[in-house]
2 protein chains.
Amino acid sequence: MTKLKSVKTPELDTKSRILQAALEAFSQSGFYGTSINSVAEAVNIKKPSLLHHFSSKEKLYGAVLESISTRLLSELEAAMDSSENEKEQMLSVMDSFYRWNKECPNETVLLLREMLDNPQRAATAHNWYLAPWLERLVELIRRGQQNGRFHELEPMAFLYNIIGAQHYFVVSLPTLKQILRASDFKALLKQQRQELKTLIELRLFK
Amino acid sequence: MTKLKSVKTPELDTKSRILQAALEAFSQSGFYGTSINSVAEAVNIKKPSLLHHFSSKEKLYGAVLESISTRLLSELEAAMDSSENEKEQMLSVMDSFYRWNKECPNETVLLLREMLDNPQRAATAHNWYLAPWLERLVELIRRGQQNGRFHELEPMAFLYNIIGAQHYFVVSLPTLKQILRASDFKALLKQQRQELKTLIELRLFK
DNA sequence: TATTTATCCTACCAACCGGTAGGTAGACAC
DNA sequence: GTGTCTACCTACCGGTTGGTAGGATAAATA
């Protein structure tokens with residue numbers, strides 16, 4: 001299966017390009033609002049050619065979800081290894097979460113959609129995208145509490161509010177962008193980020 | 001497509017029953033994932049009969065959105081008039097928001113879906129569902145700050161995080177319910193609510 | 001050189017979609 | 001009675017959907 005690449009194009013192979021186009025389509029219009037035909041057109045191939053790579057629409061959708069999930073997990077690992085100090089780890093993980101939201105809003109939106117469309121599948125313990133995040137962070141907070149670095153509080157409840165605030169803000173951005181003037185919008189971006197950090201420090205850190 | 005639960009309130013007229021069934025269907029499956037036929041079946045009439053009451057799918061969807069929007073606004077008014085004290089008003093409005101989330105998760109979900117599906121329409125200044133909420137609350141916080149009752153902070157950024165946390169939590173509930181044991185789930189409900197209140201008090205109140 | 005394999009195509013299908021045409025039955029007015 | 005209105009029906013429409021059958025092309029392999 002060795003691949004001889006005669007052209008070192010910056011372009012991806014067809015399969016990857018399909019995945020990329022599908023991510024955008026699904027995140028913008030949802031599963032039912034997206035036709036595989038439109039995805040195929042975005043990659044300049046015909047529908048049956050797409051179905052050659054992904055044998056059904058569901059499979060394609062599943063592949064998109066999985067690619068997001070694995071990518072997310074690897075980012076988490078990286079963020080956790082960056083420090084030993086609980087405070088810094090906490091901030092580092094939240095930072096990685098923030099960076100993901102910012103760089104891949106499509107992925108953020110799609111995972112939220114999946115939660116709305118299919119709560120039971122989204123929840124199948126092992127592949128719920130937030131599960132590892134929460135698990136690790138709950139652990140982290142418990143550790144910090146034992147070391148006397150964090151205040152006493154229910155880790156899960158606290159985390160869910162923080163993560164929820166961030167998540168919701170990201171999916172609101174397109175709407176907010178249309179309501180606010182460009183300058184206000186830009187200011188809000190900074191303010192929200194600072195505000196969230198303040199909330200964490202105020203509530204969690206001693 | 002799964003069959004919808006039939007609406008069984010014999011007192012409502014057909015039009016209201018359609019609206020009710022449509023709310024449930026749209027919130028569960030989104031606009032494209034819902035067929036007007038399935039809505040018609042849920043109220044035990046045929047599709048053309050539904051189209052007699054609402055001349056198109058878009059009109060039906062619009063009617064659902066509007067009914068939610070007006071209901072929301074009137075609840076806000078009621079909550080604002082309950083007190084003169086800024087702190088109590090703040091808590092009262094957040095309480096009304098919470099009660100709405102709890103009693104009508106369908107509406108919460110549908111409005112979030114609308115924001116994902118159609119950010120530009122969701123944002124047309126006058127009918128964005130959160131606009132009056134935010135407007136009034138920003139005003140309220142500014143007043144509280146002038147009176148020295150609230151800390152100095154950017155009202156919009158603060159509010160968005162609080163509202164986002166609450167909103168996100170509500171739409172996650174079906175997923176969380178499947179992940180957690182029943183007792184843990186119930187506990188989390190209480191903890192999250194308390195945690196959010198603590199965050200508000202800690203960050204906003206002097 | 002012959003053959004297999006990967007990739008993409010045209011042509012087609014049954015099922016379902018939103019919506020229309022046209023008719024029936026009952027309630028009320030005159 | 002006759003006329004009109006509402007609520008609902010059956011039958012049907014054109015268009016789109018996800019998916020299949022089978023062939024063309026070109027490269028990799030034997």
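Chain A is the first sequence line, chain B the second, and so forth, proteins listed ahead of strands; every chain is numbered from 1.
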Rounded to whole Å, please give me the gap between CG in A/N44 and P in C/dC8. 11 Å
A/E135: which residues meet the salt bridge (Lys or Arg N to Asp or Glu O under 4.0 Å) condition with it, sequence neighbours left out? none
Taking atom P of D/dA7 as reference, at what distance in whole Å does atom CZ of B/R17 sit? 13 Å
Between atom CD1 in B/I45 and atom P in D/dA7, what is the gap in whole Å? 11 Å
Sort and list the pairs that fulfil side chain to side chain donor-acceptor pair (under 3.5 Å) and have at least one residue in residues 43-57 of chain A, not counting sequence neighbours. A/S55-A/K59
Output the rounded distance in Å from CZ (A/F54) to P (C/dA6). 16 Å
Can you tell me how far P of C/dG18 sits from NZ of B/K59, to the nearest Å? 16 Å
Hits for side chain to side chain contact (heavy atoms under 4.5 Å, CB included) against B/N101, two or more places apart or cross-chain, chain-then-number order -> B/F97, B/T108, B/Q166, B/V170
Would you tabulate the pairs of protein nitrogen or oxygen atoms and nucleotide nitrogen or oxygen atoms of nucleotides 17-24 of chain D closer than 3.5 angstrom?
unit_1, atom_1, unit_2, atom_2, d
D/dG18, OP1, A/T34, O, 3.3
D/dG18, OP1, A/K57, NZ, 2.8
D/dG18, OP2, A/I36, N, 3.3
D/dG18, N7, A/K47, NZ, 2.8
D/dG19, OP2, A/K57, N, 2.7
D/dG19, N7, A/K47, NZ, 3.3
D/dG19, O6, A/K47, NZ, 3.0

For the student: nearest non-hydrogen atoms of B/F158 and B/R203, plus distance: CE1-CG, 3.7 Å
Where do B/N161 and A/E195 come nearest, in terms of heavy atoms and distance? ND2-CG, 3.5 Å
Using salt bridge (Lys or Arg N to Asp or Glu O under 4.0 Å) as the criterion, list what pairs up with B/E77, not counting sequence neighbours. B/R136
Not counting sequence neighbours, list each pair that qualifies as a salt bridge (Lys or Arg N to Asp or Glu O under 4.0 Å) and has a residue in residues 164-186 of chain A. A/R181-A/D184
Interatomic distance, A/K15 NZ vs C/dT7 P [rounded to whole Å]: 8 Å
Nearest whole Å is fine: how far is C/dC9 C1' from A/H53 NE2? 12 Å
A/F54: ring pair (Phe, Tyr, Trp, His ring centres under 6.0 Å) partners, not counting sequence neighbours: none
Between the protein and nucleotides 3-6 of chain D, list every N/O to N/O distance that falls short of 3.5 Å.
none

Non-neighbouring partners of B/E107 that pass salt bridge (Lys or Arg N to Asp or Glu O under 4.0 Å), sequence neighbours left out: B/R71
Using a cut-off of less than 4.0 Å, is there contact between a side-chain N or O of A/T14 and OP1 or OP2 of C/dC8? yes
